[in-house]
Amino acid sequence: MHLGHLSGPYLAGDVFKRFAHLCGKRAAYVSSGDDNQTYVVTTAAIEQRAPETVANDYDHRIRRSLQGGRIALDAFNRPDARHAGFVGGFFTKLLNEGRLQVKETPCLFCEDCGVYVFEAYVGGTCPTCLEGTRGNICEVCGHPNDPVGLIEPRCTVDNGHRLVRKPAPGLFLPLESFRADFERYYARTDVVWRTHLMEFVRQMLAKPLPDFRLTYPTRWGIPVDIPGLGGQKYNAWGEMLPGLLNSFALAQEAGGESGAFAYNPPPPDTELVQFFGYDNSFFFAFVHLGLLFAAGPRCMLPKALISNEFYELENLKFSTSLKHAIWVGDFLERYNADTVRFYLSATNPELQRTNYVESEMRTWLQDKLLQPWERIRQAKPGNFDEAAARRRFQGYAARLETYYGVQFFSLRQAARVVVQALNWLARA
């Protein structure tokens with residue numbers, strides 16, 4: 001986990017949960033490990049280790065980062081037998097209900113590796129924005145892509161390998177069949193999302209929605225137990241939605257409750273709020289939402305889809321794969337977690353990209369937080385009008401409630417309110 005991850009969905013979700021508790025509400029904050037992603041295999045190849053070893057190692061590092069950043073998740077589980085069983089059962093049920101399809105489509109096959117290539121296994125140029133990308137999704141523009149439609153596709157193991165088109169069957173989510181559901185959902189006025197996400201949604205809905213492949217002929221992931229798809233594994237991005245439902249059930253069970261909400265309609269006063277990076281918009285705004293439509297009343301729809309843009313380092317996006325990053329675990333050995341959380345709140349990329357510079361962080365914290373706090377701490381009793389201060393702070397509390405609430409959620413604005421209050425107190 002790098003500083004860009006922490007500045008985005010993880011810190012936002014943690015703050016939102018804390019505020020819910022402060023307001024006397026019950027809240028469960030869940031996530032899970034990403035063991036079945038294709039980049040586990042590609043990273044293992046680069047590091048010359050077994051994928052299982054890589055997954056174990058990075059899971060330990062991620063948990064260390066979450067703990068160091070004081071991210072209070074109620075469930076952060078890894079894919080296990082229960083997870084796999086729930087995922088397989090979820091998709092089998094949707095297939096039996098006629099909500100999913102099995103069909104054969106062209107795929108890219110590496111003749112030198114002897115495997116189908118997709119996601120992290122294939123690179124090329126995005127046909128939508130012309131940026132360098134991997135297969136199936138472009139992290140820059142957020143648009144999905146079919147690996148066979150990439151410009152100049154190449155095998156990521158070796159650029160010189162020969163790629164050919166080769167058909168393969170798979171399980172598909174026909175997103176276009178849920179167009180009316182998407183249009184009704186995105187026309188609602190009681191659901192919260194940010195401007196860039198809605199721009200992306202409008203672009204996607206302006207053309208036919210693609211069928212999303214839920215399984216691949218590959219060696220890594222959860223085995224598919226569906227006739228005609230022997231040897232295939234579930235796409236980790238599709239797996240994520242039922243996996244999060246399972247995580248929610250685990251959080252409930254840890255609190256002494258039944259995990260039935262993951263399988264049955266939720267109570268009417270239950271709300272789902274999702275935090276994610278903009279590069280994952282297609283998955284949350286279409287794939288996961290489409291799966292929720294397919295599941296019907298068994299699952300709740302999100303009250304809010306809160307995305308964030310990229311946090312940049314030296315004006316380039318933080319990147320795990322390119323090792324262009326500041327690792328949270330190492331970073332928090334040098335800086336206090338509370339001050340780091342405060343700075344990331346004030347500078348996080350809610351609506352546009354922001355750039356991290358360590359020297360700027362130190363200066364900002366000194367000027368905006370530490371010096372005013374020290375002036376307040378050392379202040380001597382004087383003619384301080386406490387009654388007037390209390391009246392002022394009623395407005396302060398109201399502003400914080402606005403920016404911590406789901407409708408106008410903004411860590412940047414909340415941090416600004418705190419800075420203004422500290423400086424006013426220091427002067428007073």
Side-chain angles (χ1 to χ4, degrees), residues 1-19 58 60-73 194 275 277-279 306-380 393 396 399-400 403-404 409-428:
M1 180 174 288
H2 55 62
L3 213 57
H5 292 137
L6 186 62
S7 73
Y10 290 96
L11 178 59
D14 181 72
V15 170
F16 186 75
K17 175 198 167 180
R18 290 171 185 262
F19 180 68
Y58 281 92
H60 172 74
R61 296 190 199 186
I62 290 169
R63 290 176 188 272
R64 173 176 166 236
S65 299
L66 292 169
Q67 184 178 13
R70 301 184 184 175
I71 306 299
L73 286 156
R194 287 175 170 160
F275 295 89
Y278 177 78
D279 51 331
I306 301 180
S307 58
N308 61 268
E309 304 301 313
F310 288 134
Y311 203 34
E312 295 188 335
L313 173 63
E314 298 170 358
N315 293 307
L316 294 173
K317 78 177 279 283
F318 278 82
S319 172
T320 302
S321 59
L322 297 178
K323 307 300 182 186
H324 181 74
I326 296 174
W327 309 114
V328 172
D330 299 333
F331 189 74
L332 292 176
E333 290 180 354
R334 298 188 288 121
Y335 290 101
N336 174 274
D338 288 333
T339 52
V340 169
R341 286 170 61 106
F342 192 71
Y343 182 72
L344 294 181
S345 294
T347 62
N348 83 90
E350 291 177 359
L351 303 177
Q352 61 185 25
R353 296 187 180 197
T354 52
N355 190 45
Y356 173 82
V357 179
E358 190 164 344
S359 60
E360 291 180 2
M361 181 189 76
R362 290 197 297 265
T363 301
W364 190 93
L365 285 171
Q366 193 67 30
D367 292 346
K368 304 294 187 182
L369 176 66
L370 301 178
Q371 287 182 357
W373 185 264
E374 187 64 15
R375 288 176 62 189
I376 295 167
R377 191 184 70 82
Q378 294 185 3
K380 297 178 181 179
F393 269 74
Y396 165 79
R399 291 180 69 196
L400 281 182
Y403 296 128
Y404 285 144
F409 184 83
S410 172
L411 294 183
R412 290 177 68 97
Q413 294 295 344
R416 181 176 297 179
V417 170
V418 174
V419 166
Q420 291 167 341
L422 280 175
N423 279 275
W424 177 77
L425 276 175
R427 293 193 305 271

Supply the atom-to-atom distance [X] [atom1] to [Y] [atom2], rounded to the nearest 0.5 angstrom.
{"X": "Leu351", "Y": "Tyr278", "atom1": "CG", "atom2": "OH", "value": "13.0 Å"}
{"X": "Met361", "Y": "Tyr335", "atom1": "CE", "atom2": "OH", "value": "4.0 Å"}
{"X": "Phe275", "Y": "Asp14", "atom1": "CZ", "atom2": "CG", "value": "10.0 Å"}
{"X": "His5", "Y": "Ile71", "atom1": "NE2", "atom2": "CD1", "value": "13.0 Å"}
{"X": "Ser7", "Y": "Leu411", "atom1": "OG", "atom2": "CG", "value": "9.5 Å"}
{"X": "Leu332", "Y": "Arg64", "atom1": "CG", "atom2": "CZ", "value": "8.5 Å"}

Where is the tightest heavy-atom contact between [X] and [Y], given as atom of each residue plus distance?
{"X": "Leu422", "Y": "Ile376", "answer": "O-CD1, 3.6 Å"}
{"X": "Leu11", "Y": "Ser345", "answer": "CD2-OG, 3.7 Å"}
{"X": "Tyr404", "Y": "Val15", "answer": "CE2-CG1, 3.6 Å"}
{"X": "Ala415", "Y": "Phe342", "answer": "O-CZ, 3.9 Å"}
{"X": "Ala421", "Y": "Tyr396", "answer": "CB-CE1, 3.3 Å"}
{"X": "Pro372", "Y": "Asn423", "answer": "CG-OD1, 3.9 Å"}

Got a salt bridge between Glu309 and Arg194, using NZ or NE/NH1/NH2 to carboxylate O under 4.0 Å?
->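 A salt bridge is absent here (no side-chain N lies under 4.0 Å from a carboxylate O).
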Got [X] and [Y] here, is their nearest side-chain heavy-atom distance under 4.5 Å?
{"X": "Thr347", "Y": "Tyr356", "value": "no"}
{"X": "Tyr311", "Y": "Ile326", "value": "no"}
{"X": "Leu3", "Y": "Leu313", "value": "no"}
{"X": "Arg362", "Y": "Glu358", "value": "yes"}

Please report the C-alpha distance between Phe393 and Leu425 in whole Å, then the side-chain angles of each, then the deciding distance to 0.1 Å, and finally whether the side-chain contact (heavy atoms from CB on, under 4.5 Å) criterion is met.
-> CA-CA 10 Å; Phe393 269 74; Leu425 276 175; 3.6 Å; yes
Kindly indicate, with the supporting measurements, whether the criterion side-chain contact (heavy atoms from CB on, under 4.5 Å) is fulfilled by Arg416 and Gln420.
-> CA-CA 6 Å; Arg416 181 176 297 179; Gln420 291 167 341; 3.7 Å; yes
For the [atom1] atom on [X], are there more than 12 heavy atoms of other groups (residues, nucleotides or ligands in this structure) within a distance under 6.0 Å?
{"X": "Lys368", "atom1": "NZ", "result": "no"}
{"X": "Gln67", "atom1": "CD", "result": "no"}
{"X": "Gln352", "atom1": "CD", "result": "no"}
{"X": "Trp373", "atom1": "CH2", "result": "no"}

Looking at Tyr58, does the NZ or CZ of Arg61 lie under 6.0 angstrom from its six-membered ring centre and within 45 degrees of the ring axis?
->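 Flagged: Arg61 positioned over aromatic ring of Tyr58.
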Val418, Val419, Thr339 screened by side chain to side chain contact (heavy atoms under 4.5 Å, CB included) with Leu369, the one that passes |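 Exactly one candidate clears the test, Thr339.
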Might you work through the side-chain contact (heavy atoms from CB on, under 4.5 Å) test for Tyr403 and Phe19, ending with a clear yes or no?
-> CA-CA 10 Å; Tyr403 296 128; Phe19 180 68; over 6 Å; no
Take Phe331 and Leu6 through the test side-chain contact (heavy atoms from CB on, under 4.5 Å) and record every step on the way to the result.
-> CA-CA 11 Å; Phe331 189 74; Leu6 186 62; over 6 Å; no
Using atom types as modelled and distance alone, determine if a side-chain donor or acceptor of Arg341 lies under 3.5 Å from a backbone N or O of Arg70.
->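 Checked: pair present.
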